[in-house]
Amino acid sequence: MTETTTLHAAFAGHVNAALDALEQAGTLPTVPRGAVAVEPPRDPSHGDLATNAAMVLAKPAGTNPRALAEAIAGELRKVPGVTAVEIAGPGFLNLRLDPALWVQEIRAIAALGGDYGRSALGAGQVVNVEYVSANPTGPMHMGHCRGAVVGDALASLLEFAGHKVIREYYVNDAGGQVDVLARSVHLRYREALGEDVGEVPEGLYPGDYLVPVGQALAAEFGDKYARAPDSEWLALFRTRAVAAMLNMIKADLALLGIHHDLFSSEAELQAAGKPEEAEAWLRAHDLVYDGELEAPKGKTPEDWEPVELPLFRSTRFGDDQDRPIRKSDGSWTYFGADLAYHFQKAASADALVDIWGADHAGTVKRIKAAVAALTQGQGKEKPFEIKLVQMVQLLKGGQPFKMSKRSGNFVTLADVVEMVGKDVVRFTMLTRKPEAQMDFDFDKVVEASKDNPVFYVQYAHARIRSILRKAEAEGYAPSSDGIELLGEEELALVKLAAQFPRLVEAAAAAREPHRIAFYLYDLAGAFHGYWNLGNDKPEKRFIVAQDARLTGARLYLASQIGQLVRNGLALLGVEAVEEM
RNA sequence: GCGCCCGUAGCUCAGCAGGAUAGAGCACCAGAUUCCUAAUCUGGGGGCCAUGGGUUCGAAUCCCGUCGGGCGCACCA
């Protein structure tokens, strides 16, 4: 065997081979097997692995589950290492495996090291993951944090599952907000020149973070633009301000260990005429027309008046109303530029994933519609998913914490990372499924107590490193020589470890990195439980005096569990610490 | 009014492409420390999986209605 095959992958293959054999023998007609699963049963007394193949295939095959189960069982009994195959319940096939087979899985972890769990599932397909994409008008705040962490972990997970991943950030540097930014910076520029500007007027960004930007411009240009009309400085100040904000955002993201491959500028996209190209194509296919915008649903504002605008026919794709791609002054709406942007992304990827905040949920339908229309027109529709991460409610001592970029009085990501650390922030954001709302209580998280699952997991790794150090000092070394000496308790740990590869695939397919975090928590729990056996029973400790073979085998197991914890934490971007 | 997300133990949440008796942490109760890190572990009580229907061999999981919470609803981004 030149390639190391993990145990679950091997048995998925064995079940498949058994079905092949039955097809060839004419026992089973050729039917799709998509729903066939091979997984450990919830109840360990049911065996080591179970498959639902007979139940799932009975109906399409026109036979009954028990009869089919008998036939499959016959094939599976031939597989080396299978000690028993039982048919249970409505037609489950429960397999019991030779413990030696499980023990081999430890060697697989050792052989593959950091690659244990890596999958070819993605088959090299290029997936573009766009995440964060916060407006470049200020530093990152906690509202951006969840999407940033989830997107980054998802990107790592997809990579590990065999995709080529592009980590992309879309820079909205073309709209009205960046003009406001430029004017705010101009104010700070005049302030830096000695002018008393007083309070920052309503409608401009008041945050102190713009002060150094104004100072830099004052140092570079003197009072050249202090009294000049904005036509002379607006574009320049906008460019400078956006660049400064982007640098700040990149520094903030770096604190979380996040680095994008690509920053795409909306302004450059527009300068290159991409939205015009998209519009022309959509008009040619009757997907954009000049029409009257409907009044908003619900409460209609007093100043509502009908206008004619170029509209995209998103209602054809299930949206509530057609959406404008240009404003009445002819400039692009956010949507108009965004559809061109997504079209551009689709050209260099096999699939697209966007991570958005839930406050943008209302625009999902229109952009999905536009991407479907445009990529269909290009030949084949590109898979495009939008993962919405729900709001994070910031609490401090039970009191809600308000965040508002305009007030300039918000909780920055940098502050939080400084307070609690990157690992706590990242892990905490991943210990809840993204589509559920979340409370982030500072006092709780700052506590850094055992309430934080991240410590529980890191502690498991630290303990492993600790025992390996201690053993080395006492002259023991991990060794697979005595691996057959490992018993029930060790096997339970191995069985949990062996699930990692299929978990990676399931999590990647579902685009749900949080599953890795929960798995690591379980794994850490199993390890701590095993460790504590030694409290009552000295013979269950890792280091057993006078038994170098058993000690070596247990250290070998510990070492591989440590490797596994590192592999999982690496996907989440959390450090595996040596000691605590 | 409409769209999307959520509703599982007292609290915070898992539940793996419907699967066999619904899980964990916290809190509560009872225990464990001359012991490789007690930042830990062992045992116990606690559930009409919001609610009413439907789909099927089987539903916390899929479909429809209702109730409750969140987000959004012009040319903003």
Side-chain angles (χ1 to χ4, degrees), chain A residues 34-35 37 39 41-43 46 50 52 55-56 58-59 64-65 88-92 94 133 135 137 172 174-178 266 293-301 303-305 307 309 318-321 323-329 331-336 338 357-365 388 390-391 393 431-439 441 444 448-453 455-456 458-460 462-463 466-471 474 499 502-503 506-507 509-510 512 514-515 517-519 521-522 525 528-529 531-538 541-543 558 579-580:
Chain A
E39 55 192 16
R42 294 201 205 296
D43 183 346
H46 290 145
N52 60 354
M55 291 184 294
V56 172
K59 203 191 302 174
N64 76 73
F92 285 102
N94 291 333
S133 299
N135 292 327
T137 54
N172 300 129
Q177 289 195 15
V178 284
E266 182 185 3
L293 199 58
E294 288 176 47
K297 312 285 184 194
K299 72 262 157 186
T300 306
D303 57 344
W304 161 259
E305 50 186 47
V307 260
L309 292 169
D319 203 354
D320 305 322
Q321 55 182 252
R323 306 292 177 174
I325 61 170
R326 288 179 190 264
K327 307 176 198 171
S328 46
D329 67 358
S331 66
W332 297 102
T333 62
Y334 181 83
F335 172 59
D338 203 30
D359 51 342
H360 289 73
T363 65
V364 167
K365 282 180 182 176
L388 294 176
Q390 288 293 325
M391 302 285 99
Q393 189 179 25
T431 45
R432 187 174 286 26
K433 58 183 174 190
E435 64 269 29
Q437 289 151 231
M438 173 173 181
D439 288 345
D441 193 310
K444 259 185 159 173
S449 71
K450 63 185 174 179
D451 283 349
N452 273 316
F455 289 105
Y456 191 71
Q458 286 181 321
Y459 186 39
R463 272 185 156 171
S466 161
I467 193 64
L468 290 171
R469 283 192 301 269
K470 181 181 169 68
E474 294 182 14
Q499 290 184 42
R502 58 180 285 276
L503 182 87
E512 290 184 349
H514 73 276
R515 292 191 198 181
F518 282 97
Y519 170 79
Y521 186 75
D522 286 345
H528 287 309
W531 174 286
N532 278 86
L533 287 176
N535 285 344
D536 295 332
K537 304 174 191 164
R541 291 180 195 160
F542 283 93
I543 298 171
E579 55 189 340
M580 295 177 74

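Lettering of chains follows the sequences in order, A, B, ..., and the numbering in each one begins at 1. In what follows, every heavy atom counts, from backbone to side chain, and hydrogens, waters and symmetry copies are set aside.
- A straight line from CE of M391(A) to P of rC4(B) spans 17 Å, rounded to a whole angstrom.
- Taking atom P in both rA17(B) and rU12(B), one finds a spacing of 26 Å when rounded to whole Å.
- A salt bridge links E39(A) to R502(A): one of the charged nitrogens lies within less than 4.0 Å of a carboxylate oxygen.
- Heavy atoms of Q437(A) sit under 4.0 angstrom from at least one base atom.
- Among all heavy-atom pairs drawn from P65(A) and A58(A), the shortest one is N-CB, 3.6 Å.
- rA14(B) and rC73(B): their C1' atoms are spaced 33 Å apart (whole Å).
- Contact annotation: S466(A) side-chain N/O to rC36(B) OP1/OP2 distance is not under 4.0 Å.
- With a 4.5 Å cut-off on side-chain heavy atoms, K433(A) and E512(A) do not count as touching.
- Remark: H514(A) is in phosphate contact with rG15(B), judged by side-chain N or O atoms under 4.0 Å from OP1 or OP2.
- Between A507(A) and F92(A), the residue anchored closer to the 5' end of RNA chain B is A507(A), taking for each the nucleotide with the nearest heavy atom.
- Using a 4.5 Å cut-off on side-chain heavy atoms (C-beta onward), I543(A) and I467(A) make contact.
- As judged by a 4.0 angstrom heavy-atom cut-off over every strand, N535(A) is placed among the base-contacting residues.
- Applying the Watson-Crick and G-U wobble criteria (two distances, each under 3.5 Å), rA24(B) pairs with rU12(B).
- Stacking between H360(A) and rA77(B) is shown: the ring centroid lies under 5.5 Å from the centre of the six-membered base ring, and the planes differ by under 30°.
- Taking atom P on both nucleotides, rG15(B) is separated from rU8(B) by 14 Å, rounded to a whole Å.
- Taking only side-chain nitrogens and oxygens, R42(A) comes nearer than 4.0 Å to OP1 or OP2 of rA20(B).
- Here P324(A) lies in heavy-atom contact (under 4.0 Å) with sugar-phosphate atoms only.
- Going from the P atom of rU61(B) to that of rC5(B) covers 16 Å, rounded to whole Å.
- Looking at heavy atoms from C-beta onward, R463(A) lies in side-chain contact with W531(A) at the 4.5 angstrom threshold.
- Atom name C1', nucleotides rC11(B) and rG58(B): the rounded distance is 33 Å, in whole Å.
- Distance noted for atom C1' between rA60(B) and rC6(B): 14 Å (whole Å).
- For the P atoms, the distance from rA50(B) to rG10(B) is 13 Å, rounded to whole Å.
- In this structure, rU34(B) makes no Watson-Crick or G-U wobble pair, since no nucleotide meets both defining distances under 3.5 angstrom.
- The closest side-chain heavy-atom distance from L309(A) to S328(A) is below 4.5 Å.
- Neither OP1 nor OP2 of rG15(B) sits under 4.0 Å from any side-chain N or O of Y519(A).
- Remark: rU56(B) base-pairs with no nucleotide; criterion is Watson-Crick or G-U wobble with both hydrogen-bond distances under 3.5 Å.
- Comparing the C1' positions of rA74(B) and rU56(B) gives an interatomic distance of 46 Å, to the nearest angstrom.
- Close to rC73(B), at under 4.0 Å from its OP1 or OP2, lies no side-chain N or O of R323(A).
- Closest-nucleotide positions on RNA chain B for R469(A) and N94(A) were compared, and the one nearer the 5' end corresponds to N94(A).
- Looking at heavy-atom distances under 4.0 Å, V364(A) makes no contact with the nucleic acid at all.
- The side chain of K537(A) places no N or O atom within less than 4.0 Å of a non-bridging phosphate oxygen (OP1 or OP2) of rA32(B).
- The separation between M55(A) atom CE and rU56(B) atom P is 18 Å, rounded to whole Å.
- Put simply, R515(A) has no side-chain N or O that comes within less than 4.0 Å of OP1 or OP2 on rC16(B).
- In this structure, CD of E39(A) is placed 11 Å from C1' of rG18(B), rounded to the nearest angstrom.
- Dashed line: the shortest gap from a side-chain N or O of W531(A) to OP1 or OP2 of rA38(B) is under 4.0 Å.
- The base-pairing partner of rG46(B), taking Watson-Crick or G-U wobble contacts with both distances under 3.5 Å, does not exist among the strands shown.
- Side-chain N/O atoms of K433(A) include one lying less than 4.0 angstrom from OP1 or OP2 on rG7(B).
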